[in-house]
Student: 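Sharing a structure here in structure tokens format.
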Protein chains: 2
Amino acid sequence: MKQSLKALLTLREWILSGTLTADERLWEPALAKRLEVSRTPLREALVRLEGEGLIIAAPEGGYQVRAFDRAYLQGAIEVRGTLEGLAARRAAEARPSAAALKPLHVTLDALDRVVAQHALDSDDFDAYMTFNERFHDAILRLAGSQPLEEALARIVSLPFASPSAFVMAQSLLPRSHEILFIAQDQHRCLVEAIAAGQGARAEQIAREHAQIARRNLDVALGDHAMLERVSGAPLIRACLGAV
Amino acid sequence: MKQSLKALLTLREWILSGTLTADERLWEPALAKRLEVSRTPLREALVRLEGEGLIIAAPEGGYQVRAFDRAYLQGAIEVRGTLEGLAARRAAEARPSAAALKPLHVTLDALDRVVAQHALDSDDFDAYMTFNERFHDAILRLAGSQPLEEALARIVSLPFASPSAFVMAQSLLPRSHEILFIAQDQHRCLVEAIAAGQGARAEQIAREHAQIARRNLDVALGDHAMLERVSGAPLIRACLGAV
DNA sequence: CGGACCGGGCGTGTATACACAATTAGCGCG
DNA sequence: CGCGCTAATTGTGTATACACGCCCGGTCCG
């Protein structure tokens, strides 16, 4: 594996896991040593991470880990919802054939099987996450817009903005199963709208669907145990009174 | 000035102006020599340009200038329109005070003065472009969403996706003045909707406003003289029979 | 005469060395 | 004893040298 890729992946993991804390200054010589990489590929990784928005360039040079506040997370989820709304509308307006809709139905059924169980354990929520992401991806592909794909990829690269960012956190809630039912119903309506060519409806459903994440975020920001299950949670500033 | 910044700016200009042609392979040693920069800052600039989407990494290593087709441009404009729609809605829903709306009105008046003239020369279209961008920026700031700002900045970094990308091209059309009237009326309605807290209306207007760019794009793709006035036009693939 | 193997040049990826700026600590002077 | 200045250390930014892989061309052998 290329050293620059190793540096990029490791740094991303360290940032999201909290090994590198929010606002922490990133000293290249020290980091290079810890990563067992020379400064050249490390700097390449840093430039990429800046592009992803996980770190920011300090005015006096160098980088530091970025910290996000509640408003940023809400805004990011809103942007994702809006772009997924656009994707859903475009998918609907493309009037996809039954064959093109096949992967959507397959994933929908898989999600159904997960949700239909009586009790859900951690693995089930994990499976839900996987299929959920596949579902969102399938719609995006139906939209057939490369710029849209790129814009969404950018937003989702912020871990807490991804469609299934709060699924694991949500699993701690007493009514978690109920939430999945609701989300899955939205999935079903979304497919129905897309299949029927109802662009405006599909867009609205996709937007409202993203609001589930925002509601989960609001709950998680007040619940330490939930927040621990969210990737990138250590980057969230002032979310709880104490850590 | 830092060498990496010099490399970034110069490369961007070379790509947009067609000095480096679409699909052209970027050889680091040769480029470094032309830029009078060593390979280290050059590579940093290349990574940044890849993040901007102006170049792509070749699978066998190295980069090449990216080429865009008509569908991509349309999609990019659509994404911009959608995000600007979100910005407009958020601006409206924030119920900005009269003071907060001031810069919007000021810019609107400046645009009015440009459009109200009897005949417009190239400088007038230039002035229009400046105020137009300021106007779009002002709405974005009213929205008060950092993730949204970042997402829009990304899209707009593609030159032909920016709000005023086709203004200069449009100036060649016989009905160009008329188009500005229409665009300016949309600006006015947009401010009115935002001031009145009409979020849904503001969103729709902003979206439809972006369609002007898409319509100009369609015309420009069939008109060599118009296309010459669009920044980044050399990156557009198969737009005309011959160049 | 053709195919395969070997060598050289070229290009990317990485490491390291150097230049310059900033900050800090220590020392000297007031 | 305190303040200021200088010197050293540290970190970023840049240049260059090295390593490895790839492709191409030439040559030698079958």
Side-chain angles (χ1 to χ4, degrees), chain A residues 1-15 18-67 150 153 157 234-235, chain B residues 1-15 18-67 150 153 157 234-235:
Chain A
M1 169 159 42
K2 289 198 304 183
Q3 297 294 86
S4 54
L5 186 60
K6 170 184 170 186
L8 179 65
L9 297 177
T10 311
L11 277 178
R12 220 190 256 139
E13 192 203 315
W14 284 357
I15 292 172
T19 306
L20 298 169
T21 62
D23 290 320
E24 178 174 351
R25 178 66 190 273
L26 299 174
W27 308 88
E28 292 175 12
L31 259 191
K33 202 170 181 184
R34 273 178 81 183
L35 287 163
E36 296 176 296
V37 151
S38 85
R39 278 183 59 217
T40 307
L42 167 59
R43 290 189 60 135
E44 183 180 329
L46 289 174
V47 170
R48 296 204 131 92
L49 285 171
E50 187 197 3
E52 289 181 19
L54 285 181
I55 64 177
I56 49 178
E60 67 274 17
Y63 294 95
Q64 57 186 50
V65 177
R66 191 163 172 187
E150 290 168 16
S157 78
L235 302 180
Chain B
M1 170 160 43
K2 288 198 303 183
Q3 297 294 86
S4 55
L5 186 59
K6 169 185 170 185
L8 179 65
L9 297 177
T10 312
L11 278 178
R12 219 190 256 140
E13 192 203 315
W14 284 357
I15 292 172
T19 306
L20 297 169
T21 62
D23 289 319
E24 178 173 350
R25 178 65 191 273
L26 298 175
W27 289 347
E28 293 176 11
L31 258 192
K33 203 170 179 185
R34 272 178 81 184
L35 287 163
E36 298 176 293
V37 152
S38 87
R39 278 184 59 218
T40 307
L42 167 59
R43 289 188 60 129
E44 183 181 330
L46 289 174
V47 171
R48 297 204 130 93
L49 285 171
E50 187 196 5
E52 289 181 19
L54 285 181
I55 65 178
I56 49 178
E60 67 274 16
Y63 295 95
Q64 56 185 49
V65 177
R66 191 162 173 189
E150 290 167 15
S157 78
L235 302 180

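Lettering of chains follows the sequences in order, A, B, ..., and the numbering in each one begins at 1.
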Student: Think Ser38(A) has a side-chain N or O under 4.0 angstrom from the OP1 or OP2 of dA15(C)?
Tutor: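 So the side-chain polar atoms of Ser38(A) do come within 4.0 Å of the phosphate oxygens OP1 or OP2 of dA15(C), strictly under.
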Student: Report yes if a side-chain nitrogen or oxygen of Ser4(A) is closer than 4.0 Å to either non-bridging phosphate oxygen (OP1 or OP2) of dT14(C); otherwise report no.
Tutor: yes
Student: Rounded to whole Å, please give me the gap between NZ in Lys6(B) and P in dA15(D).
Tutor: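 It is 9 Å, rounded to the nearest whole Å.
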Student: With a 6.0 Å cut-off (strictly less than), is the heavy-atom count around CD of Glu36(B), excluding the residue itself, greater than 12?
Tutor: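 No - once you tally the heavy atoms of other residues, nucleotides and ligands closer than 6.0 Å, there are 12 at most.
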Student: Hey, what are the protein-to-nucleotides 22-24 of chain D N/O distances that come in under 3.5 Å?
Tutor:
none

Student: Between atom CZ of Arg48(B) and atom OG of Ser4(B), what is the distance when rounded to the nearest 0.5 Å?
Tutor: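 Output value for this atom pair is 6.5 Å.
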Student: Mind checking the CG-CZ spacing from Leu54(A) to Arg66(A)? Nearest 0.5 Å is all I need.
Tutor: 8.5 Å
Student: What's the separation between atom CG in Leu9(B) and atom CE in Met1(B), rounded to the nearest 0.5 Å?
Tutor: 6.0 Å
Student: Of the nucleotides dT12(D), dT14(D), dT12(C), which one has an atom closest to the side chain of Arg25(B)?
Tutor: dT12(C)
Student: Can you check the Glu60(A) CD to dT24(C) P distance for me, whole Å?
Tutor: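 Rounding to the nearest Å, CD of Glu60(A) and P of dT24(C) are 11 Å apart.
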Student: For the OG1 atom of Thr40(A) and the CD atom of Glu44(B), what is their distance to the nearest 0.5 Å?
Tutor: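 Here the interatomic distance stands at 11.5 Å.
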Student: On the six-membered ring of Trp27(B), is Arg34(B) placed so that its NZ or CZ lies under 6.0 angstrom from the centre and within 45° of the ring axis?
Tutor: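 No, a cation-pi geometry is absent between Arg34(B) and Trp27(B).
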Student: Write down the distance between CG (Leu46(B)) and P (dT14(D)), rounded to a whole number of angstrom.
Tutor: 14 Å
Student: Does dT12(D) have OP1 or OP2 under 4.0 Å away from a side-chain N or O of Arg43(A)?
Tutor: no
Student: Check the distance between dG11(D)'s C1' and Lys33(A)'s NZ and give it to me in whole angstrom.
Tutor: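 Distance check: Lys33(A) NZ to dG11(D) C1' gives 15 Å.
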Student: Of all the choices, dG11(D), dT12(C), dT14(C), which nucleotide is nearest to the side chain of Pro29(A) once you look at every atom?
Tutor: dG11(D)
Student: To the nearest Å, how far apart are Leu42(A) CG and dA15(C) C1'?
Tutor: 13 Å
Student: Choosing from dG11(C), dA15(D), dG13(D), which nucleotide comes nearest the side chain of Gln3(B)?
Tutor: dA15(D)
Student: Contact class for Leu26(B) vs. all strands (heavy atom < 4.0 Å): base, sugar-phosphate, or nothing?
Tutor: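 Sugar-phosphate contact only - Leu26(B) comes under 4.0 Å of backbone atoms but never of a base.
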Student: Among dT12(D), dG13(C), dT14(D), find the nucleotide with the atom closest to the side chain of Pro41(B).
Tutor: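 Nearest listed nucleotide: dT14(D).
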Student: State, with a plain yes or no, whether a side-chain heavy atom of Leu235(B) is found less than 4.5 Å away from one of Thr21(B).
Tutor: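 Of all side-chain heavy-atom pairs linking Thr21(B) with Leu235(B), none is under 4.5 Å.
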Student: Kindly say if Arg39(B) contacts the phosphate of dA15(C), meaning a side-chain N or O under 4.0 Å from OP1 or OP2.
Tutor: no
Student: Measure from CD on Glu44(A) to P on dT14(C) and round the result to the nearest Å.
Tutor: 7 Å
Student: For the pair made of NZ in Lys2(A) and P in dA15(C), what is the distance, rounded to whole Å?
Tutor: 13 Å
Student: Can you measure Arg48(A) atom CZ to dG13(C) atom C1' for me and round it to whole angstrom units?
Tutor: 12 Å
